[in-house]
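Because the structure is a prediction, the values reported are computed rather than measured. We count ligands from 1, going down the list as the structure has it; atoms in each ligand are counted the same way.
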Amino acid sequence: MDLPTDLSRRRALGLGALGAFSVSATGSVLLRGDAPPADPRISSALPVLSPRPAHAVKKRPKPKPKPVPARRAPAFKIHDVRPDAPPRSIALTIDDGPSREWTPKVLALLERHDVQATFCVIGQEVRRFPELLREIVAAGHQVANHTMHHPVSLARLPARRIEAEIRDAHRYIQDVGGTTPKLFRAPGGNWSPAVMKTAAKHGMLPIDWDIDPRDWARPGATRITRSLLRGKAGDILLCHDGGGDRSQTLNSLRKVIPRLKDRGLEFIAL
Ligand SMILES: [Zn+2]
């Protein structure tokens with residue numbers, strides 16, 4: 001589950017603070033300074049004012065989504081996602097960031113323990129903190145699409161809104177992080193056939209979780225720890241670095257990561 005209130009508030013405060021992006025007429029997200037992609041519908045009608053020699057125009061082709069078969073249910077075990085994972089694997093997923101305050105702390109903790117995790121990022125937060133997504137990618141963690149605006153009612157939205165939520169986040173993650181997400185997590189685990197079909201159209205596997213310590217509700221680090229320690233081989237753990245004060249999550253992970261490793265479990269990115 002996720003807590004929409006804090007996110008909405010932060011969004012209300014943060015929206016418009018960054019003008020580093022724009023959306024082109026074709027709907028693709030552009031970094032400031034990037035040349036807009038050629039649009040075959042209009043480019044031939046425009047006069048070419050200063051043609052460059054062919055060798056200077058090095059086009060970076062946008063990766064096209066490679067659809068995968070739609071699933072009827074999300075994957076919630078590591079070996080559903082990565083059949084090749086070692087048998088004693090456990091996966092930590094960290095949702096709702098990037099967060100300026102908490103993502104760097106989580107990254108430092110993971111690095112200290114040599115742990116790879118999966119960050120389910122929100123497109124709108126990537127737009128606010130692009131450098132943090134690049135840090136996540138550079139540290140070798142996996143990145144999953146967690147929609148553009150985190151609507152907890154995603155499954156009930158009309159098909160075109162579901163498409164926009166998934167597509168726009170996909171483009172931000174690709175443009176900013178240089179990585180194409182292969183995994184999608186619905187906000188609050190609100191799945192529907194339409195959500196899974198849209199994720200599949202964009203080449204993504206829907207992922208859920210096994211252990212939800214409800215850290216977003218701040219039940220206290222002790223309770224979060226107790227819940228996470230129920231994790232066993234093959235499980236996917238859910239935690240958050242976005243959506244509000246995550247000090248309890250961080251304090252809990254400081255204890256949980258070494259204890260799970262002591263049990264011979266190996267943290268892997270999905
Ligand atoms: Zn979420």
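Residue side and main chain included, His146 places an N/O/S atom under 2.8 Å of the Zn ion (ligand 1). Residue contact annotation: Cys120 places no N/O/S atom under 2.8 Å from the Zn ion (ligand 1). At least one N, O or S atom of Asp96, from either the backbone or the side chain, sits less than 2.8 Å from the Zn ion (ligand 1).
The ring pair (Phe, Tyr, Trp, His ring centres under 6.0 Å) contacts involving residues 67-107 comprise nothing, where partners must be two or more places apart or lie in separate chains.
Counted within 6.0 Å of CZ on Arg161, heavy atoms from surrounding residues, nucleotides or ligands total 12 or fewer; the atom is thus considered open.
Distance check, rounded to the nearest 0.5 Å: CZ of Arg223 to CZ of Arg218 gives 14.5 Å.
Using a 4.0 Å cut-off between a side-chain N of Lys or Arg and a carboxylate O of Asp or Glu, Glu163 and Lys201 qualify as a salt bridge.
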